[in-house]
Amino acid sequence: MSGNKSFRPRARLPRGFRDRGAAEIAAERAVLDTIRRIYESYGFEPLETPSFEYTDALGKFLPDLDRPNEGVFSLQDEDGQWLSLRYDLTAPLARYVAEHAQSLPRPFRRYQTGTVWRNEKPGPGRFREFTQFDADTVGSASPAADAELLMMLADTLEALDLGGDYVIKVNSRKLLDGVLEAAGVGLDDLARRGIVLRAIDKLDRLGLDGLAKLLGQGRKDESGDFTKGANLPATAIDAVLKFFAANDPESGRGGPRSNTQILAELQSFVGTSTIGAAGIADLVALNELIAANGYADGRIAIDPSIVRGLDYYTGAVFEAQLTFPVANEAGETVVFGSVAGGGRYDDLVARFTGQAMPATGVSIGVSRLLTALRNRTSAQIAPLVVVLAMDKAGLAESFALVRELRAAGIRAEAYVGDAGLKAQFKYADKRGAAIAVMEGSDERARGEITLKDLALGAELAKSVESRAAWVEGRPAQIAVPRGELVARVNAMLAREG
RNA sequence: GCAGCUGUAGCUCAGUUGGUUAGAGCGUCGGAUUGUGGCUCCGAAGGUCGGUGGUUCGAGUCCACCCAGCUGUACCA
């Protein structure tokens, strides 16, 4: 590289990764603070774990290959062991609990936020590096633990001003297993079960027709790509389709139906399946709790078509979807996944310990949520005062001025560039500064400073016609005694609101 | 991975049936104005026309392959 003088690296970002500026950071902080406030009010306590874990602890080794799955970013440690960047916060939690089970209270309820990484193809609202905010309850098999998380998620989304713009859909993997069992798909037929579950997951996009094809021979999409089907017998396909036709919460018999109505009709579809009956019992218990607390008003809705991709889920599964269309930078409406999800993963800790340890959790996709809200929210940033550099003699005094302002709790900076005054004003504009402070030789001689209200000045500039008048008039600026700096700045900021 | 669409200045785009030196707006920088943001005027910088090969007297324009981006789809262990 150094041998080739003409080489210049192209300044560019790896795909799926993003730079984030002041506005987005402020917006994310606001969201994180809100979520944290709600989670803490529920009594969850914080936990942090490292970005890297041993790949086997994440369960990301390819079967029969001494190599991590491509979906995680991995590297080999000096001793040859594989490390991977965490792809969610749940697997590290399972490792943590397995490592410290003896000393933790049970149920153990913790929250955690942080960056996770997935080496996948990026898309709308899908990044290779993003922020999640999780809460989990480990050590309780009770539907009360799931219900609590659902209600807390609803409270959180409300606190994020999403009231009326989301729905949390709940299902149970046990229920799905029961339906499949009743339809003749054995629980041990993992490959076929996977295909069927993935097909069900696409019901909202493909409809019953698409689902029927995926359960049978397969389906060709508009682009001509063929997706292999599950090759179920016709009777099984009928049974599954009937189940979803009857339990579509949207279209079923004219409008959305209540959780109780849906639950009442589930029984006939699981037949004699024990696991199916258990799934229904879980959902009934869960619904009683949320209904008694007023959350079954459409915010939390039973929806038997919710599956979730991760295969470690064992019981309740849920996801929060936004109910308004999301547009990309080009203004096109785009297919946008759920902004939060979760469920019960009763076997994840036992992977390490061999001891049963039921657990359930929820995860908010903070990055995706921020993308969806991009055009709806703008976080407030404290106003900025810039002290301009008039001449070298005043530099030390500039720093004295900003120190005074900061001591009074005002965000202030001294201009440290070397451009002329005109450029300094442009700089202050670009920074979005509220006030510029000037103390040149004229002011010093009189023991004064000059304050300029930049927002007001910009307003007044619209009605100024000649440059001479604009310069001479010096709109929106006043000379005040040096000693009144803080008081006058505060007064000016107060006027801005 | 599969498919469709799109690649021309920092950004948004124009560029005729292939024809001199590839343009505009915005933005950037400088000046008019050596201590005042806006408006106006003047000037400047900024381009491997995504890449390679081909057709042609001549290619930003036509052809082939490749690359990248977007969107959808698949996969997401």
Side-chain angles (χ1 to χ4, degrees), chain A residues 6 8 10-16 55-56 58-65 67-72 74 84 87-88 91 117-126 128 190-191 194-195 198-199 201-202 205-206 210 214 218-228 308-312 327-337 386 388-391 394 419-433 435-444 450-477 479:
Chain A
S6 67
R8 291 273 192 293
R10 197 159 68 83
R12 70 207 195 279
L13 221 41
R15 62 187 314 210
T55 304
D56 57 4
L58 295 179
K60 290 301 174 187
F61 266 111
L62 286 171
D64 306 326
L65 290 172
R67 183 165 60 79
N69 188 286
E70 288 174 0
V72 292
S74 304
S84 294
Y87 64 94
D88 71 10
W117 295 265
R118 293 187 190 178
N119 192 8
E120 296 170 0
K121 181 192 160 188
R126 291 170 58 189
R128 295 211 290 173
L190 290 178
I195 295 176
R198 285 196 294 276
D201 201 24
K202 291 164 192 153
R205 270 193 293 120
L206 306 182
L214 287 173
R219 173 179 180 275
K220 189 183 273 190
D221 64 44
E222 313 83 63
S223 61
D225 198 21
F226 184 76
T227 309
K228 224 179 96 196
R308 304 290 301 157
L310 266 48
D311 69 352
Y312 56 59
N328 62 11
E329 287 87 346
E332 306 158 336
T333 298
V334 130
V335 176
F336 209 78
V386 176
L388 304 184
M390 306 297 286
D391 51 44
L421 197 59
K422 183 186 174 81
Q424 293 190 41
F425 270 101
K426 288 190 172 182
Y427 167 82
D429 261 347
K430 203 169 267 187
R431 293 297 316 279
I435 298 174
V437 177
M438 287 167 281
E439 189 191 30
S441 51
D442 296 355
E443 284 89 350
R444 270 198 297 279
T450 299
L451 303 184
K452 182 155 195 163
D453 184 329
L454 293 172
L456 179 60
E459 193 60 35
L460 295 176
K462 289 174 187 164
S463 53
V464 173
E465 271 144 38
S466 78
R467 185 191 145 70
W470 162 248
V471 174
E472 279 310 306
R474 297 193 170 174
Q477 75 182 53

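Everything numeric here is computed off the predicted structure, so don't read it as measured data. By convention in this document, chain letters (A, B, ...) are assigned in the order of the sequence lines, proteins followed by strands, and residues within each chain are numbered from 1.
- Atom C1' of B:A59 sits at a distance of 41 Å from the matching atom of B:C75, rounded to the whole Å.
- The gap from the C1' atom of B:U55 to that of B:G1 amounts to 34 Å, rounded to the nearest Å.
- At B:G27, none of the side-chain N or O atoms of A:Lys426 fall inside 4.0 Å of OP1 or OP2 (strictly under the cut-off).
- For A:Arg15 and B:A68, the shortest distance from a side-chain N or O to OP1 or OP2 is not below 4.0 Å.
- Contact of A:Lys121 with B:U73 (side chain to base): a donor-acceptor pair of N or O atoms is detected under 3.5 Å.
- Contact annotation for A:Val335: backbone-only contact, meaning every heavy-atom pair under 4.0 Å involves sugar-phosphate atoms and none involves a base.
- Under the rule for a side chain to side chain contact (heavy atoms under 4.5 Å, CB included), the partners of A:Ala419 that lie at least two apart in sequence or sit in another chain are A:Tyr415, A:Ala423.
- When the side-chain hydrogen bond (donor to acceptor under 3.5 Å, both in side chains) test is applied to A:Asp88, the partners found at least two apart in sequence or on another chain are A:Tyr312.
- Residues forming a side chain to side chain contact (heavy atoms under 4.5 Å, CB included) with A:Arg15 (at least two apart in sequence, or on another chain): A:Lys121, A:Pro122, A:Arg128.
- Within the 4.0 angstrom heavy-atom criterion, only backbone atoms of the sugar-phosphate kind lie near A:Asp311; the bases stay farther away.
- Contacts of A:Glu439 with the nucleic acid, taken as non-hydrogen atoms under 4.0 Å apart, are absent.
- Between A:Pro124 and A:Val334, the closest heavy-atom pair is CB-CG1, 3.1 Å.
- In this model, the phosphate group of B:C76 is approached by a side-chain N or O of A:Arg198 to a distance below 4.0 Å at OP1 or OP2.
- Between B:A74 and A:Lys202, a contact under 4.0 Å exists linking OP1 or OP2 to a side-chain N or O.
- A:Gly309 comes within 4.0 angstrom of sugar-phosphate atoms only, judged by non-hydrogen atoms across all strands, and of no base.
- Side-chain N/O atoms of A:Glu443 and base N/O atoms of B:G35 include a donor-acceptor pair closer than 3.5 Å.
- Using a 4.0 Å cut-off, no side-chain N or O of A:Arg205 falls inside it from OP1 or OP2 of B:G72.
- A gap of 10 Å separates the P atoms of B:G19 and B:G60, to the nearest Å.
- Phosphate contact (OP1/OP2 of B:U71, side-chain N/O of A:Asn328, threshold under 4.0 Å): present.
- If you check distances only, the side chain of A:Gln424 never reaches the base of B:U36 with a donor-acceptor pair under 3.5 Å.
- With sequence neighbours left out, the ring pair (Phe, Tyr, Trp, His ring centres under 6.0 Å) criterion links A:Phe425 to no other residue.
- At a threshold of 4.0 angstrom between heavy atoms, the contacts of A:Arg118 with the nucleic acid are absent.
- Of all non-hydrogen atoms in A:Phe61 and A:Thr55, the two that sit nearest each other are CE1-CB, 3.9 Å.
- Residues A:Glu443 and A:Thr450 have side chains that bring a donor and an acceptor to within less than 3.5 angstrom of each other.
- Within the 4.0 Å cut-off from OP1 or OP2 of B:U36, not a single side-chain nitrogen or oxygen of A:Lys422 is found.
- Contact annotation: side chain of A:Lys430 to base of B:G37, donor-acceptor pair absent below 3.5 Å.
- With a cut-off of 3.5 Å on both pairing distances, the Watson-Crick and G-U wobble pairs of RNA chain B assemble into stems of 3 or more at B:1-7 with B:67-73, B:10-13 with B:23-26, B:28-32 with B:40-44, B:50-54 with B:62-66.
- Rounded to the nearest Å, the gap between the P atom of B:U6 and that of B:C13 is 13 Å.
- B:G10 sits 8 Å from B:U28 when the C1' atoms are compared, rounded to a whole Å.
- Annotation: B:A24 and B:G47 have their C1' atoms spaced 15 Å apart (nearest Å).
- A distance of about 15 Å separates the P atoms of B:C11 and B:G69, rounded to the whole Å.
- Residues satisfying the side chain to side chain contact (heavy atoms under 4.5 Å, CB included) criterion with A:Ala458, sequence neighbours excluded, are absent altogether.
- Straight-line distance between the C1' atoms of B:C5 and B:G50: roughly 16 Å, to the nearest whole Å.
- Of the listed nucleotides (B:G37, B:U71, B:G35), B:G37 has the atom at the smallest distance from the side chain of A:Leu454.
- Rounding to whole angstrom units, CG of residue A:Leu421 and P of B:U34 are separated by 11 Å.
- Side chains of A:Arg444 and A:Asp391 form a contact here, defined as non-hydrogen atoms less than 4.5 Å apart.
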